[in-house]
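One structure is given below, encoded as structure tokens.
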Amino acid sequence: MKNLKRVAVSDPVLQILEQNEPSTIYVTRPTLPDLDAFIPYLRKIWHSKILTNGGPFHQELEQRLCETLGVKHIALFANCTIGLVTALQALRISGEVITTPYSFVATANSLLWNGIKPVFVDIDPVTFNLDPAKIEAAITPQTTAIMPVHCYGHPCDVNAIQSIADSYGLKVIYDAAHAFGVRCESGSILNYGDLSVLSFHATKVFTTFEGGAIICPDEKTRQRINFLKNFGYADEVTVVAPGINGKMSEFNAALGLLQLQGFDESLAKRKAIDARYRAGLAGVAGIKCMEASGETVSNYAYFPILVQPNYPLSRDSLYRKFRDNNIHVRRYFYPLISEFSMYRGLPSAAPPNLSVARQISQQVICLPIYPDLRADQVDRILRLI
Ligand SMILES: Cc1ncc(COP(=O)(O)O)c(C=O)c1O
């Protein structure tokens, strides 16, 4: 970084690098493989000149992900958002879909991109996921599906949600953007519902820079999804649906293969950070750590805390204190999706309907967690709290 400062930079990328203060701690930072280890993969791409359209790295990554995650059928995507939009298309979802306001805005945006009306239902105060006890009251003759989120990688109450879906003939599409590698008693959490959609964005526990995937129950559904992510092409001369371009490139797929090699080590480091935070915060009045919610294998993707009324500072004062100390914690998820302008007019967005989500959204702070976060940095964060 010091060398960069001596260069008279007109290069915008270098200018951005210069602005990154070395002492700043971000809420997350990607773990990248050794650059030298990536060169042989790039050589293969340069040699074959196969850059995209389901090339060899794409096929290999799909296979490796099935093994690693414990799922049977997977379709890679350019990102999770296009995956969500395509999942809704694949199941021909229309009308109204029940979803959570406590998520990243892409969850509900994928509904609007399909002309579907989101119906927000409040969340459970322990899991921060869609509260199954409140779903039935929101079902109308127009409801066709439920789109829950495994928020922070903590599993939804998948059995309760499935039983409601079965009673009313609804589809279930999980936004599993946070749930890479998460398992419950029966295996991968990604095997629940009709489809689950992962994100491999730079901020996620497994990243291909940008990327995502849909977990499918069978090969026929996967094939339809593959048509849809490739403009609807079934073969050279046949377009079966108004598809989109959702394909992952060979560059991203090759990177994914390399990233998988370091995943277990990354997870172990995340687990140690999670434990250090929990030990350090155990006696702090007014700070509540979120507990696991039924997973047998966690991915330690996030470390949310709630700043409760008996803490001496308000949530936003603590947030500003962090910022003043160059610690970029984030208030995920504040504001709620239902508070954004394109959603706040919906009847289900009315604040009394979403009182639990509102309270958590006003108390939450996600602390930094990523494999290379050092113990002394965790201690610096703990001292500030
Ligand atoms: C819950 C959730 N859904 C969807 C997305 C969108 O994922 P992507 O950036 O891969 O499109 C994200 C975050 O990036 C997310 O946190």
Side-chain angles (χ1 to χ4, degrees), residues 26-30 61 65 74-89 97-114 116 118 120-121 123-124 127-130 145-156 172-182 189-190 192-193 195-215 225 229 244-249 251-253 255-256 259 290 293 299-304 330-340 343 357 360-361 364 366 369-370:
Y26 296 93
V27 72
T28 187
R29 296 231 98 177
L61 182 60
L65 283 173
I74 193 166
L76 292 176
F77 268 80
N79 59 61
C80 171
T81 307
I82 297 285
L84 289 168
V85 168
T86 308
L88 291 160
Q89 287 276 323
V97 169
I98 289 171
T99 191
T100 169
Y102 192 78
S103 178
F104 184 63
V105 72
T107 311
N109 284 357
S110 72
L111 299 172
L112 289 196
W113 273 75
N114 278 289
I116 295 164
F120 296 111
V121 162
I123 59 172
D124 178 273
T127 65
F128 303 178
N129 289 327
L130 210 50
I146 307 171
M147 185 180 270
V149 179
H150 299 299
C151 192
Y152 308 131
H154 297 297
C156 292
V172 182
I173 298 171
Y174 281 102
D175 179 337
H178 302 173
F180 189 94
V182 174
I189 196 70
L190 304 170
Y192 286 88
L195 296 172
S196 291
V197 190
L198 287 164
S199 171
F200 306 152
H201 181 252
T203 52
K204 300 298 185 282
V205 292
F206 169 79
T207 179
T208 56
F209 288 11
E210 291 275 4
I214 302 184
I215 312 302
I225 286 169
K229 81 174 186 195
I244 199 160
N245 182 357
K247 292 176 270 107
M248 177 184 277
S249 83
F251 180 95
N252 303 94
L255 186 63
Q259 291 286 64
M290 199 185 170
S293 66
N299 66 7
Y300 309 98
Y302 298 84
F303 198 91
R330 297 295 300 267
R331 289 165 292 185
Y332 294 142
F333 288 100
Y334 164 85
L336 295 175
I337 299 179
S338 49
E339 290 166 348
F340 291 124
Y343 298 105
I360 290 169
S361 168
V364 74
C366 282
I369 185 164
Y370 52 89

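What you see is a predicted model; the values in this text were computed from it and never measured. Just so you know, ligand 1 is whichever comes first in the structure, and atom 1 is the first atom listed for that ligand.
Put simply, the side chain of P155 reaches to within 4.5 Å of the side chain of V182, judged on heavy atoms. Looking only at side-chain heavy atoms (C-beta outward), C151 and F333 come within less than 4.5 Å of each other. Counting only heavy atoms from C-beta outward, the side chains of L84 and M147 approach each other to under 4.5 Å.
Scanning the protein heavy atoms around atom 2 (C) of ligand 1, the nearest turns out to be A177 CB, 3.4 Å. Annotation: atom 3 (N) of ligand 1 to nearest protein heavy atom, D175 OD2, 2.7 Å. Nearest protein heavy-atom neighbour of atom 16 (O) of ligand 1: H178 NE2, 2.7 Å. For atom 12 (C) of ligand 1, the nearest protein heavy atom (residue, atom name, distance) is F104 CD2, 3.4 Å. With respect to atom 7 (O) of ligand 1, the closest heavy atom belonging to the protein is C80 CB, 3.3 Å. Counting protein heavy atoms only, atom 6 (C) of ligand 1 is closest to T81 OG1, 3.5 Å. For atom 10 (O) of ligand 1, the nearest non-hydrogen atom of the protein is S199 OG, 2.8 Å.
Set against the non-hydrogen atoms of S103, the atoms of ligand 1 under 4.0 Å away are 1 (C). For ligand 1, the atoms sitting less than 4.0 Å from at least one non-hydrogen atom of A106 are 4 (C), 5 (C), 6 (C), numbered in the order shown with element in parentheses. Taking every heavy atom of K204 and a limit of under 4.0 angstrom, the matching atoms of ligand 1 come to 12 (C), 13 (C), 14 (O), 16 (O). Interface atoms of ligand 1 facing G211, defined by a heavy-atom separation under 4.0 Å, are 10 (O).
In this structure, a donor-acceptor pair under 3.5 Å is absent between the side chains of E210 and N252. Between the side chains of Y102 and D124, no donor-acceptor pair is found at a separation under 3.5 Å.
In this structure, H150 has its ring center closer than 6.0 angstrom to the ring center of Y174.
Looking only at distances, no side-chain donor or acceptor of N79 sits under 3.5 Å from a matching main-chain atom of S199.
No heavy atom of G212 sits closer than 4.0 Å to any atom of ligand 1. In this structure, G83 does not count as a contact residue of ligand 1, since none of its heavy atoms falls inside 4.0 Å of the ligand.
Y152 and F128 have perpendicular rings, their planes meeting at more than 60° on a 0 to 90° scale where under 30° would count as parallel.
Contact detail for C80 and L198: the closest heavy-atom pair is CB-O, 3.4 Å.
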